[in-house]
Amino acid sequence: MASTRTPRKFFAPLAIGAPAPMRERPARLERMIHFIPPHVEKLRSRAGEIARQVDVVLGNLEDAIPADAKEAARRGFIEMAAAHDYGATGLWTRINCLNSPWALDDILEIVPAVGSKLDVIMLPKVEGPWDIHYLDQLLAQLEAKAGIGRPIMIHAILETPEGVNNIEDIAAASPRMHGMSLGPADLAASRGMKTTRVGGGHPAYGVLADPGAEGAPRAFFQQDLWHYTVGRMVDACAAYGLDAFYGPFGDFSDPEACEAQFRNAFLQGCAGAWSLHPSQIAIAKRVFSPDPDEVAFAKKILDAMPDGTGAVLIEGKMQDDATWKQAKVIVDRARLVAAKDPELAARYGL
Ligand code: GLV
Ligand code: MG
């Protein structure tokens, strides 16, 4: 017995009158997903100004919002969504998790009020495709009822061991899937990892070099605690045409470590990361925009192999059909950045 919908039904609306599911996700630049706590009037009122500096503005309703401010945060998000024109900047919300007392009202109140401006709902603590199916069906019903013309996408946070185990089924669950973010804090807790940090490395997690000469100190190389999970997430997302994101980096006093963590994620294939503090916006912008020297070299490869086949030598380095594809990843990304950022467009020569 088939356990998934047939291919034809997979792309049919889940409610009469709901918009048709998207076959392709819109290509958007999402280097940083900037978190705003919408119950704080001062921060909420600046959302329009912040939207001009970031790629995605997210109103956070889940963790970090006190229980007694949940309803104020929901109301604040609706107000902030309605009050500003977000233009090409993405507007997202992170709702509370599905087993919480707030999730249903988050969805029931936000979608009819501002659903046509909302690009993505970030769903925390996703454990399997059933969580996506539930939200998928409910969103279709609400979109139909409110007359919303384009589907709201779903972004899952990967932050439980069960979610990691079911990662491919989550990625495959719906054409609404936008992508996934690593949630290192909840994931560390639920896995029983022995760290109190929000993302980043740990001084004790590393590899000790072999003993050398008698008495010589042995080098210790710190390793990336998140390498395995980011790798799994990138493969699952890429296989299903979704984007992977590194999530939060909690130590605002260590911008260098934040940059290193973001850069590992970028090199491994991630499209962006969360910015929880204004100082992390510039870090994400720097890291998730390709390096102009790398773009220049990638352009040389594309120019040297106009039809993408064959083999050439550039600066002593072998190029062939595969490196042409690597170069195309970099140049496509640079074009996406250049379309939004005139300064980088000039540096890329695009
Ligand atoms: C994010 O939600 C995390 O738990 O790290
Ligand atoms: Mg979390």
Side-chain angles (χ1 to χ4, degrees), residues 4-30 33 51 55-62 74 77-78 80-82 84-98 103-124 126 128-158 167-181 236-245 271-272 336:
T4 55
R5 291 198 292 273
T6 63
R8 243 179 254 288
K9 288 209 178 129
F10 192 73
F11 285 106
L14 290 181
I16 297 165
M22 287 186 263
R23 281 170 190 263
E24 291 294 337
R25 279 187 315 123
R28 293 185 77 160
L29 185 64
E30 293 164 336
I33 302 162
D55 297 336
V56 175
V57 169
L58 177 145
N60 178 30
L61 310 184
E62 200 224 9
R74 187 191 301 142
F77 176 70
I78 292 172
M80 126 190 174
H84 306 282
D85 177 8
Y86 290 86
T89 302
L91 178 65
W92 299 20
T93 181
R94 176 169 81 165
I95 61 169
N96 288 284
C97 62
L98 291 176
L104 183 63
D105 288 337
D106 289 346
I107 304 163
L108 292 183
E109 290 178 26
I110 287 170
V111 175
V114 291
S116 48
K117 287 182 99 171
L118 188 64
D119 294 296
V120 174
I121 289 182
M122 183 183 270
L123 185 62
V126 172
W130 48 87
D131 293 326
I132 307 298
H133 293 155
Y134 170 82
L135 184 56
D136 196 6
Q137 182 69 66
L138 187 52
L139 284 175
Q141 291 168 327
L142 292 171
E143 286 165 347
K145 193 167 170 205
I148 293 171
R150 99 199 138 130
I152 298 165
M153 288 183 278
I154 301 174
H155 181 102
I157 313 183
L158 193 62
I167 191 164
E168 278 147 42
D169 292 341
I170 294 168
S174 162
R176 260 185 219 281
M177 284 301 294
H178 163 279
M180 289 184 207
S181 287
C237 287
Y240 289 94
L242 316 181
D243 278 330
F245 294 73
L336 204 55

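- With rounding to the nearest 0.5 angstrom, the CD atom of Glu109 is 9.5 Å from the CG atom of Leu104.
- With hydrogens and angles disregarded, a donor-acceptor distance shorter than 3.5 Å links the side chain of Asn96 to the backbone of Leu61.
- Listed by chain and number, the residues in a side-chain contact (heavy atoms from CB on, under 4.5 Å) with Ala172 are Tyr240 (sequence neighbours excluded).
- Aromatic ring pairs are classed by plane angle as parallel below 30°, tilted from 30° to 60° and perpendicular above 60°; the pair Phe245 and Trp92 is perpendicular.
- Using modelled atom types, no side-chain atom of Arg5 and backbone atom of Ser174 make a donor-acceptor pair closer than 3.5 Å.
- The local environment of NZ in Lys117 is crowded, with over 12 non-hydrogen atoms from other residues, nucleotides or ligands closer than 6.0 Å.
- A side chain to side chain contact (heavy atoms under 4.5 Å, CB included) with Phe77 holds for exactly one of Thr93, Asn60, Ile95; it is Thr93.
- Taking the charged nitrogens against the carboxylate oxygens, Asp106 and Arg94 have no contact shorter than 4.0 Å, which rules out a salt bridge.
- Shown here are the side-chain hydrogen bond (donor to acceptor under 3.5 Å, both in side chains) partners of Arg176, two or more places apart in sequence or in another chain: Asp136, Glu143.
- Atom-to-atom distance recorded for Leu142:CG and Gln137:CD is 10.0 Å, nearest 0.5 angstrom.
- Going from atom CZ of Arg150 over to atom CG of Leu118 covers 8.0 Å, rounded to the nearest 0.5 Å.
- Formation of a donor-acceptor pair under 3.5 Å by the Arg25 side chain with backbone atoms of Gly241 is found in this model.
- A donor-acceptor contact shorter than 3.5 Å is absent between the side chain of Glu62 and the backbone of Cys97.
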